[in-house]
Amino acid sequence: MRKTYKIGLACFIGGVIGTIVALLVAPMFWWLGVFAGFAAGYLAYEFRAVLAAIPEAWEMTAKKIFSPIFMELKEFFFEERPAFFLGLFYSSVFFTTLTFLPSFTSNPIIPEGIPVITFLFIFLSLLCGFALFIVTMLLVASESGDKININDIFSLPYGKIVRMSGRRIIFLLQGTLVLSSAIIIGVLKFAVKFPWTLFKLIHSNERLLCGVDAGLGTMIAYFLSLNLAPLTTATFIFLVICGGIFGAGFGIVNYEIISKRLFKFHLTPAS
């Protein structure tokens, strides 16, 4: 009897949610309400079990997919190239300050006669150049294996500094492209694997029954709405309640009469 109550309640919730969606997107996309009702009814049955399965599904999917990506991001931003990104950060701070500060003060900080965009471009270029210089120093230190000697850095030929900075910039661009691709692929994998893993953990024949009957209740309620135009607030509420009642009725009849007595099915968790 308790299982019958849970099935009826899940079908009622699914029918209500499905009918709301169907009426909101009608008439062109009313069928989305059927899918919404199916999903709501499917998940509403023993909803606590769904909540309990979410951390397990997360553990089985998200950590395996995103942990390597997080390690790469940590290495990329904090272990090998902090000075470059800090330089860009400082550049953006100065750029923002120079952009908005003149509008809040009566004494502009830009010398008279110099266009604003030119002044900002010069400052941004100088700051980015300083960031690249820091990167060159780090690169020299990492290649030599010694601590940074500022005298050696300033005595390097211009050609070597340009070549090393160029290689560094190319490396940064390649790393950014690879990491961006890995993040996009990881998100797509998670979007597929997490729902599928959760589905395998919670699926049962009872859930399937609730989903189907909630969708059926949604469909009947929507067809009923076609004969009750125009759709007022009172009519909307009436149809939503009808969708829940139809779903619950179909679910209870399907479980108690068709499944148990007529076909003598014993609903057990599907494997």
Side-chain angles (χ1 to χ4, degrees), residues 1-62 190-228 231 234-271:
M1 191 66 183
R2 180 168 178 79
K3 180 177 287 190
T4 303
Y5 167 76
K6 291 193 292 185
I7 288 176
L9 179 61
C11 292
F12 179 86
I13 294 173
V16 166
I17 294 176
T19 304
I20 291 174
V21 173
L23 294 177
L24 290 177
V25 300
M28 185 174 296
F29 300 106
W30 71 269
W31 46 270
L32 291 176
V34 178
F35 289 101
F38 176 88
Y42 186 92
L43 296 174
Y45 179 76
E46 294 187 342
F47 187 65
R48 291 183 179 179
V50 177
L51 295 178
I54 289 176
E56 185 176 356
W58 177 271
E59 191 81 18
M60 297 169 64
T61 56
F190 176 77
V192 174
K193 288 189 175 182
F194 179 77
W196 176 246
T197 303
L198 182 63
F199 169 77
K200 290 191 295 183
L201 290 173
I202 67 173
H203 181 61
S204 68
N205 291 326
E206 286 86 350
R207 289 190 186 279
L208 185 61
L209 182 147
C210 292
V212 171
D213 290 326
L216 186 59
T218 298
M219 188 182 302
I220 299 301
Y222 173 75
F223 289 148
L224 179 62
S225 70
L226 300 178
N227 299 318
L228 296 177
L231 192 63
T235 306
F236 186 92
I237 296 174
F238 170 75
L239 290 171
V240 167
I241 295 175
C242 286
I245 294 175
F246 289 149
F250 284 130
I252 293 173
V253 170
N254 192 353
Y255 176 66
E256 286 292 342
I257 298 178
I258 299 177
S259 298
K260 290 175 60 175
R261 290 173 174 77
L262 186 60
F263 292 105
K264 300 186 184 300
F265 288 156
H266 297 283
L267 298 181
T268 55
S271 58

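Along the sequence shown, the residues carry numbers beginning at 1.
In this structure, CG on Leu208 lies 12.5 Å from OH on Tyr45, to the nearest 0.5 angstrom. From Leu226, atom CG reaches atom CG of Leu231 across 10.5 Å, with rounding to the nearest 0.5 Å. Of the inter-residue distances, the one linking Met60 atom CE with Leu198 atom CG reads 10.5 Å to the nearest 0.5 angstrom. Considering CZ of Phe246 and CD1 of Ile220, their distance stands at 7.0 Å, rounded to 0.5 Å. Between atom CD1 of residue Ile20 and atom CD1 of residue Ile237 there is a gap of 10.0 Å, rounded to the nearest 0.5 Å.
Applying the side-chain contact (heavy atoms from CB on, under 4.5 Å) rule to Ala40 yields the partners Ile17; only residues at least two apart in sequence or on another chain are considered. Residues meeting the side-chain contact (heavy atoms from CB on, under 4.5 Å) test with Leu228, sequence neighbours left out: Leu224, Thr235, Phe238, Leu239. Partners of Cys11 by side-chain contact (heavy atoms from CB on, under 4.5 Å), not counting sequence neighbours, listed by chain and number: Ile7, Cys210, Asp213. Take Tyr222 and apply the ring pair (Phe, Tyr, Trp, His ring centres under 6.0 Å) test, not counting sequence neighbours, and it matches Trp30. Under the rule for a ring pair (Phe, Tyr, Trp, His ring centres under 6.0 Å), the partners of Phe194 that lie at least two apart in sequence or sit in another chain are Phe190.
Two residues are said to be in side-chain contact when any heavy atoms from C-beta on lie closer than 4.5 Å; Thr19 and Leu23 meet this criterion. Between Val34 and Phe38, the closest side-chain pair of non-hydrogen atoms is not below 4.5 Å. At least one side-chain heavy atom of Leu24 sits under 4.5 Å from a side-chain heavy atom of Phe236. No side-chain heavy atom of Thr218 sits less than 4.5 Å from a side-chain heavy atom of Val21.
Screening residues 35-52 for salt bridge (charged side-chain N to carboxylate O under 4.0 Å, His left out), with sequence neighbours left out, gives Lys6-Glu46.
Closest non-hydrogen pair, Ala57 versus Thr61, comes out as O-OG1, 2.7 Å. Here the closest heavy-atom approach between residue Arg207 and residue Tyr42 is recorded as NH1-O, 3.0 Å. Minimum interatomic distance between Leu201 and Ala53 (heavy atoms only, all atoms of both residues): CD1-O, 3.8 Å. Closest of all the heavy-atom pairs between Ala221 and Gly243 is CB-CA, 3.6 Å.
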If you apply the rule side-chain contact (heavy atoms from CB on, under 4.5 Å), what do you find for Ile13 with Phe47, and how did you get there?
CA-CA 11 Å; Ile13 294 173; Phe47 187 65; over 6 Å; no
